[in-house]
Protein chains: 2
Amino acid sequence: MPKALKTHPTRAAQQALERLEALCLERGQRLTRQRRAVLCQLLAEGRALSAYELLERLRPEDGRSTPAGVYRALESLMQAGVVHRLESTRAFILCEHPEAPHTGQLLICRGCGQVVEAEDARVSAATGRLGERLGFSLDQRVVELTGLCGRCRAPHAAHAQ
Amino acid sequence: MPKALKTHPTRAAQQALERLEALCLERGQRLTRQRRAVLCQLLAEGRALSAYELLERLRPEDGRSTPAGVYRALESLMQAGVVHRLESTRAFILCEHPEAPHTGQLLICRGCGQVVEAEDARVSAATGRLGERLGFSLDQRVVELTGLCGRCRAPHAAHAQ
DNA sequence: GCGGCAACTGATACATTGTATCATTTGTTG
DNA sequence: CAACAAATGATACAATGTATCAGTTGCCGC
């Protein structure tokens, strides 16, 4: 029974929202109306949204929202580590593990659009070592793996692998 | 003595170009005037270019070049595996190791813009295993590591690490 | 509370990146 | 060399992201 949470979004969402807000403040970001609104939308949607999809959803509640405003809010939320940008799809999504600072990996299902966030030690170690080996001091690691998730693959073919 | 190659670009470039052209044909891509022109520019430039930077460079030689045309040419060249797209900078660059099919990693220096292409077994293995572990059958892996290369770091600070 | 400064916003305009469509041209193949 | 598929040219447009600057808001010390 997926989507069951949708039936009482305010309950769990409220709690999650407060946790995210606390993190923003801890990390030196003011938490303004706009930023809160962007957080809410991402939380409510539960999937990655483009900046302009966000804008569409904000406009009804706040007719004064603008692209620049949305991007500024996203910038701040990314600074705080509670939102990630998907470079390969130009979309934004809530961080799943915002408590711990991270340089994670993102797995993107091209079937259902689901995004799973991972923090794989082997991948982190391997990319770190690769940087060292080539003499780079890394400050950003984009690891985005696209494919079909288990659920999306199942109906189409039985040939595992 | 960097940039020494620039003094006789046609020599080595000609040879590289022929090799790239051969690869395109082998891989079922027609090699048309436009595509050849794009290859030439990327080869001449030796660094990543945006689609519109490419367009600027093509226009003088062929006033009929259009954005759509450039993107179509790039599409074909990427199909042939001789060009890569940098997702995190929205730019395109010649593949350094076009002979071998690959799902490589790209290291991008934010100082000089240099892009180094790697094919690190540990990174490939680790990302592959991560996909498996989470039930994904991957068909695209974006690994883009940004930082400062050795040369760009050196002048600024002596604190190794 | 409140004055003042920095941060944020609203508004507008614009820059960059990427696509859709369709008539025409080109290239390949039998 | 006819015919068909692929690529191109032209135009228009869609999507994504930024610059600027005047005005407002929030925070901090008093």
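Convention: sequence-line order gives letters A, B, ...; per-chain numbering from 1.
Per the geometry, CD belonging to B/Gln29 stands 13 Å off P belonging to C/dT28, to the nearest Å. Atom CZ of A/Arg30 is separated from atom C1' of C/dT9 by 12 Å (rounded to the nearest Å). Atom-to-atom, CG of B/Leu31 to P of C/dT26 comes out at 17 Å; the value is rounded to the nearest Å. In this structure, B/Arg85 places its CZ atom 14 Å from C1' of C/dT16, rounding to the nearest Å.
Against DNA chain C, the stretch residues 54-64 of chain A makes heavy-atom approaches under 4.0 Å through A/Arg64. For residues 69-81 of chain B, proximity to DNA chain D is found at B/Arg72, defined as any non-hydrogen atom under 4.0 angstrom from a strand atom.
Taking 4.0 Å as the cutoff to heavy atoms of chain B, we find the contact window on DNA chain D bounded by D/dA6 to D/dG17.
Judged by distance alone, the side chains of A/Arg59 and A/Ser65 never bring a donor and an acceptor atom under 3.5 Å apart. Donor-acceptor pairing under 3.5 Å is lacking for the side chains of A/Arg110 and A/Thr146.
With B/Arg90 contributing its side chain and B/Glu87 its backbone, the two residues share a donor-acceptor pair below 3.5 Å. A/Gln105 places a side-chain N or O within donor-acceptor distance of the main-chain N or O of A/Asp120, the cut-off being under 3.5 Å.
Within a 6.0 Å radius of CD in B/Glu99, other residues, nucleotides and ligands contribute more than 12 heavy atoms.
Here C/dC8 is the nucleotide among C/dG10, C/dT17, C/dC8 with the atom lying nearest to any side-chain atom of A/Arg35.
Two residues, B/Ala68 and B/Thr32, neighbour DNA chain C, and the one matched to the more 5' nucleotide by heavy-atom proximity is B/Ala68.
In terms of phosphate contacts, B/Arg33 brings no side-chain nitrogen or oxygen within less than 4.0 Å of OP1 or OP2 of C/dT26.
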